[in-house]
Amino acid sequence: MKSLEQIRADFPILQRQVHGRPLVYLDNAATSQKPLPVLQAMETYYRQTNANVHRGVHTLSEEATAQYEAARSRIARFINAASAKEIIFTRNTTEAINLVAYSWGLDHLRPGDEVLITQMEHHSNIVPWQLICQRTGATLRYVPLSPEGRLRLDLLDTLLTERTKLFAFVAMSNVLGTINPVAELVAAAHRVGALALVDGAQSVPHMPVDVQALGADFLAFSSHKMCGPTGLGVLYGRRELLERMSPFQGGGDMIREVRLEGSRWNALPWKFEAGTPAIAEAIGLGAAVDYLAGLGMENVREHERTLVRYAVDRLSQVEGLRILGPTNGERGGVVAFTLEGIHPHDVAAILDAEGIAVRAGHHCAQPIHDFYGIVASARASFYFYNTPGEVDCLAAALERVQHVFAA
Amino acid sequence: MDALYRENILDHYRYPRNKGHLDHPDIVYHDHNPFCGDEITLELKIRDGRVVEAAFDGRGCAISQASASMMTEEIIGKTLEELRGWTKEDILDLLGIEIGPVRLKCALLPLKALKAGVWGIEEWPHEE
């Protein structure tokens with residue numbers, strides 16, 4: 001395992017200054033930074049290979065296709081999918097969820113059916129289901145939160161019924177840091193005959209994920225939160241489900257043949273990839289999963305576990321600071337908080353002046369903020385390259401924020 | 001520490017002027033900024049085309065609330081005709097700070113409420 005110092009040296013951006021101070025990047029839940037191997041893989045592709053995939057017979061196109069498909073295989077191995085055919089490239093997690101909502105949902109949901117989600121979802125796992133339920137007449141239901149920011153699993157048996165056709169839930173909350181018992185929730189969905197969709201945007205980058213062990217029917221995640229480039233997401237889907245689903249978007253590459261009277265679809269996974277895909281980005285994500293596998297996802301998780309425990313302890317000592325989500329037990333590397341009497345945007349702006357990047361707002365999870373009766377929070381989120389020293393910087397800067405606002 | 005948080009801004013945030021409600025206002029307009037969750041309700045009393053009383057209520061970041069406090073102080077006594085010509089620059093002059101594009105929405109929320117409340121102007125093509 002590389003030392004923390006060696007790891008940080010792989011990320012050129014971590015050397016830069018912001019407002020004359022060393023950058024302290026604590027906005028990893030929004031997007032992660034990118035290591036040299038990812039930047040180099042994309043640059044090499046554009047310098048030496050660039051061509052469209054699945055098209056030409058010329059050398060560059062064959063090489064581009066081979067690299068694009070090799071990236072898909074590496075990503076399949078990274079989450080232990082049974083086959084690379086189960087890995088569909090999308091624009092982001094949001095599009096991956098929308099793909100399931102439209103391709104599967106429009107065909108399968110009827111009035112009287114139910115889709116179950118939770119109160120801790122990101123908007124990207126709420127709004128697509130609201131839209132599809134409006135279109136199909138199905139009913140959307142929610143698993144509520146407990147005051148400490150966990151799911152009310154005691155209510156699961158009453159919420160999951162034979163009417164439930166799909167249970168879509170987040171593996172790790174991007175606000176609360178809560179880690180949900182994914183395998184248990186998938187099993188509960190399957191017991192009533194429902195499919196399970198897991199929003200893995202915050203879990204796949206931060207902990208080992210094995211889709212076959214979890215039993216998930218669908219898993220959605222984003223490249224850019226796991227050291228890869230923006231503009232690319234992944235939908236994992238069980239092969240027999242994907243085989244039976246209708247295409248999401250129509251166009252080039254997703255067809256077997258097109259006649260004016262009608263068309264036939266390409267095989268998996270290309271049936272769901274209309275148009276020229278994000279080729280360089282997929283190759284970049286391939287390099288990113290190699291990099292993460294090199295670190296070891298258990299090591300990534302362990303580093304963040306230690307760091308977030310320290311952050312929760314350290315921030316709890318700041319006067320007037322309230323942490324959202326569980327403060328005891330297992331928790332992901334996200335700490336959202338409020339400072340009494342100070343708006344989160346003011347907190348973030350003052351931290352920025354010290355070179356510290358945190359997010360402020362509702363983090364695309366308004367229902368969580370409504371639950372706690374607040375409009376916004378500030379959020380520090382960690383990755384494997386963050387240090388305990390950076391947590392100290394944050395805590396000290398928050399004390400200075402208090403001082404600025406003290407009357 | 002930060003050029004945004006000058007003492008005059010913090011003073012208006014801690015001790016907002018004209019915060020509260022008017023008896024029988026002529027104009028009441030509520031607006032919010034979905035980006036940060038800033039909220040403001042602006043209330044005005046108008047006599048002979050002139051603002052005679054102004055108040056605001058709301059919650060939000062220091063920039064939005066200080067901007068509302070300063071703006072209400074400034075518009076009392078002015079004619080609507082004068083105020084109609086107000087732009088982003090007038091608010092930035094009041095605040096006396098440089099503001100980046102993201103926080104500009106916070107700073108301009110009170111002026112937006114004024115323009116929408118008095119003249120129904122909801123789009124300002126050159127302001128944002």
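Order of the sequence lines fixes the chain letters, A, B, ..., with proteins taken first and strands second; residue numbering starts at 1 for each chain.
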Quiz item: How close do Ala349(A) and Arg103(B) get, heavy atom to heavy atom, and via which atoms?
Solution: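 Taking Ala349(A) first and Arg103(B) second, the nearest heavy atoms are CB-NH1, 3.2 Å.
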Which portion of [X] sits near chain B, non-hydrogen atoms under 4.5 angstrom:
| X | value |
| --- | --- |
| Ala360(A) | neither |
| Ile342(A) | backbone |
| His362(A) | side chain |

Over 12 non-hydrogen atoms of neighbours within 6.0 angstrom of [atom1] in [X]:
| X | atom1 | value |
| --- | --- | --- |
| Glu98(B) | CD | no |
| Arg91(A) | CZ | no |
| Glu81(B) | CD | no |
| Glu340(A) | CD | no |

Self-check item: Backbone N/O of Ala62(B) and side chain of Asp346(A): donor-acceptor pair under 3.5 Å
Solution: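 Yes: the side chain of Asp346(A) pairs with the backbone of Ala62(B).
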Quiz prompt | Heavy-atom side-chain proximity of Glu7(B) to Val404(A) below 4.5 angstrom | solution =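 With C-beta onward as the side chain, the pair stays apart.
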Exercise. Return the set of residues passing ring-ring contact (aromatic ring centres under 6.0 Å, His included) with His345(A) (not counting sequence neighbours), or none when no residue passes.
Key: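 Applying ring-ring contact (aromatic ring centres under 6.0 Å, His included) to His345(A) gives His343(A), Phe35(B).
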